[in-house]
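See structure below.
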There are 2 protein chains.
Amino acid sequence: MSISSYGFSDSEPERSIRLVKNNPPYNAACEKCSSRHISLCNVLDADELKKFSKISTNFHKNAKQIICSEDENADHIYNIKSGAVRISKMLSDGRRQITGFLFAGDFFGLSCKDRYSYTAEAITDVSICRFPRAKIIKSFQDFPALGERAFDMTRTELESTYDQMLLLGRKTAKEKLCTFLFTMWQKSDRPGVTNKDEVPIPMSRSDIADYLGLTIETISRQFTHLHKLGLIELDGAHKVFLKNPAALSAMAEGD
Amino acid sequence: MSISSYGFSDSEPERSIRLVKNNPPYNAACEKCSSRHISLCNVLDADELKKFSKISTNFHKNAKQIICSEDENADHIYNIKSGAVRISKMLSDGRRQITGFLFAGDFFGLSCKDRYSYTAEAITDVSICRFPRAKIIKSFQDFPALGERAFDMTRTELESTYDQMLLLGRKTAKEKLCTFLFTMWQKSDRPGVTNKDEVPIPMSRSDIADYLGLTIETISRQFTHLHKLGLIELDGAHKVFLKNPAALSAMAEGD
DNA sequence: ATAGATACTTGACAGGGGTCAAATTTGTCC
DNA sequence: GGACAAATTTGACCCCTGTCAAGTATCTAT
């Protein structure tokens, strides 16, 4: 079964279709977008945003729905307003590699070919805005700062993939999970997280395994191991408390 | 021993210093650059190239010399005119991951931070031109096509890192080496390679191992294994003949 | 609240690739 | 061209992580 058998248009919820139909002259949602300050468009002033918002469409996806699929026409760029998304590639026999987890403020889909080279799926319920590819590329010319911002974000993403390659190629299972947890902790000073030690883990063990190049059993064993070492506390499978972030970080680098 | 103890300035050969001193009003080398048609600057017309070439400096490095180091100030962008370069990151205990091999036409060093996040070393003798970071970013504004070209090349690089993450996280040793050899074969229709089956392998077994997340012993064993399967012939360690590229490609994907 | 499905954890065992060591080939420098 | 060093190959052995299986916890829907 190919993952591309689930097309975007098939899984498009009715809600977003209504939004498209009622699309105002400019997208009022942009002005009050909660992730605007950390998104691609944060370099635009009020006037520019007003113009830019005309090409934006908002929609929601429920957890587990596909946002775009490998080998599908790369017609849109997606910007996450809230929720978590996983980006993955698959081999023909079903082996999967998750190349990244994306959150509010992240964008994806700016392919260099005319087809997506990966699949994006909602981990949690997500709120997303998207832009037609041709129009956003035009916008990069109309608003050079926007193009520079997209370039910057792409370079940042590229550098983080280098770190992930070091992890995948050279770190042990324990180091991999420590790296993952510490990174999630660094990202977790967001609204909704009150406790400084608390790290919400929206994705499943299976997702973590496919992100770190391990199996779910190894992930589970390493969680248990870190717990026995006193480095973490678990409250269910999706909430972790880091008891010693510094030690975890050191362990992540093999020290 | 930190790799950053070898600074760029320490290993700068005298030859390139003379070149800097004799720098003409514009860099005549750009006009007749052999890698111009595949490089960053291939979007510039003759006039633009003349202006752009003023910020370029040419130099050579011998095999094994360091071009730039992790944590060093990211002052320059480097463009490879000929030869092969490896990009790597290291853990504190010496474990190394090579994130990519670069060849004529490739560029590197366009960091999003003020320090390089990786080390670049010459695998063969290399001919390189470089540009001060601040000036090339200015050039992206003066010549928008240049910025777009850099952005395109960065996105292409990003997509190839996704493939490499799939390889590192989910492929077997055999599949990894098949992928590597097939990719090198695809890149090898370059001047200097006459035989259609011939693939020059400039890098060492150690480099290949650190690129594929394996050890040199495993690389060596897999070379022997592929030879016994009749898929490759070896002429020394640095020249491979692909006897059946299609089968190798299928094996690279696990089919 | 209960039942079934799904997700996660734990255990037993095995194998792919790592480690250590030695032999062989290739490259380099007078 | 010969000698030494470096790189590569090959062999023996083992461990980390994967596989297979069973048990436990959590989630979802009535």
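Chain A is the first sequence line, chain B the second, and so forth, proteins listed ahead of strands; every chain is numbered from 1. No hydrogens, no waters, no symmetry mates; every other heavy atom, side chains included, goes into these values.
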Inset, instruction - May I ask you to decide whether A/K89 forms a salt bridge with B/D163, counting only side-chain N to carboxylate O separations under 4.0 Å? - result: yes
Legend entry - Pairs involving residues 164-183 of chain B, ordered by first then second residue, that meet salt bridge (Lys or Arg N to Asp or Glu O under 4.0 Å) (sequence neighbours left out): A/R95-B/E175, A/D210-B/R170, B/K171-B/E253
Inset, instruction - Rounding to 10 degrees, work out the angle separating the end axes of the helix from C/dA1-D/dT30 to C/dC30-D/dG1 (five pairs an end). - result: 60°
Legend entry - Interatomic distance, B/K228 NZ vs D/dT9 C1' [rounded to whole Å]: 11 Å
Protein N or O to nucleotides 19-23 of chain C N or O, pairs below 3.5 Å:
unit_1	atom_1	unit_2	atom_2	d
C/dT19	O4	B/R221	NH2	2.9
C/dC20	N4	B/E217	OE2	3.0

Inset, instruction - Check side chain to side chain donor-acceptor pair (under 3.5 Å) between B/T161 and all other residues, then give those that pass, not counting sequence neighbours. - result: A/T161
Legend entry - From A/T224 atom OG1 to A/L234 atom CG, the distance as rounded to the nearest 0.5 Å: 7.5 Å
Legend entry - Side chains of A/S127 and A/N58, donor plus acceptor under 3.5 Å: no
Inset, instruction - Examine distances only and state if a side-chain atom of B/S249 and a backbone atom of B/P245 form a donor-acceptor pair shorter than 3.5 Å. - result: no
Legend entry - Ion pair check, B/D207 and B/R96, cut-off under 4.0 Å: yes
Name the pairs: protein N/O against N/O of nucleotides 3-8 of chain C, kept only if under 3.5 Å.
unit_1	atom_1	unit_2	atom_2	d
C/dC8	OP1	A/H238	NE2	3.4
C/dC8	OP2	A/R205	N	3.2

Inset, instruction - Answer yes or no on whether A/R130 is positioned over the face of A/F59, meaning its NZ or CZ is under 6.0 Å from the six-membered ring centre and within 45° of the axis. - result: yes
Inset, instruction - Work out which heavy atom in B/A209 is nearest to a heavy atom in B/T215; give both atom names and the distance. - result: CB-C, 3.5 Å
Legend entry - Nucleic acid contacts - residues 168-183 of chain B versus DNA chain C, non-hydrogen atoms under 4.0 Å: B/T172, B/A173
Inset, instruction - Look up atom SG in B/C129 and atom CD1 in B/I77, then write down how far apart they are to the nearest 0.5 Å. - result: 11.0 Å
Inset, instruction - Compute the ring centroids of B/Y162 and A/Y118, then answer whether they are less than 6.0 Å apart. - result: yes
Legend entry - Side chain proximity check, B/I67 to B/F108, heavy atoms < 4.5 angstrom: yes
Legend entry - Between D/dT19 (C1') and A/L214 (CG): distance, integer Å: 14 Å
Inset, instruction - Would you give the length of the straight line joining atom CZ of A/F182 to atom OG of A/S188, rounded to the nearest 0.5 angstrom? - result: 10.5 Å
Inset, instruction - To the nearest Å, give me how far apart CD (A/Q222) and P (C/dT9) are. - result: 12 Å
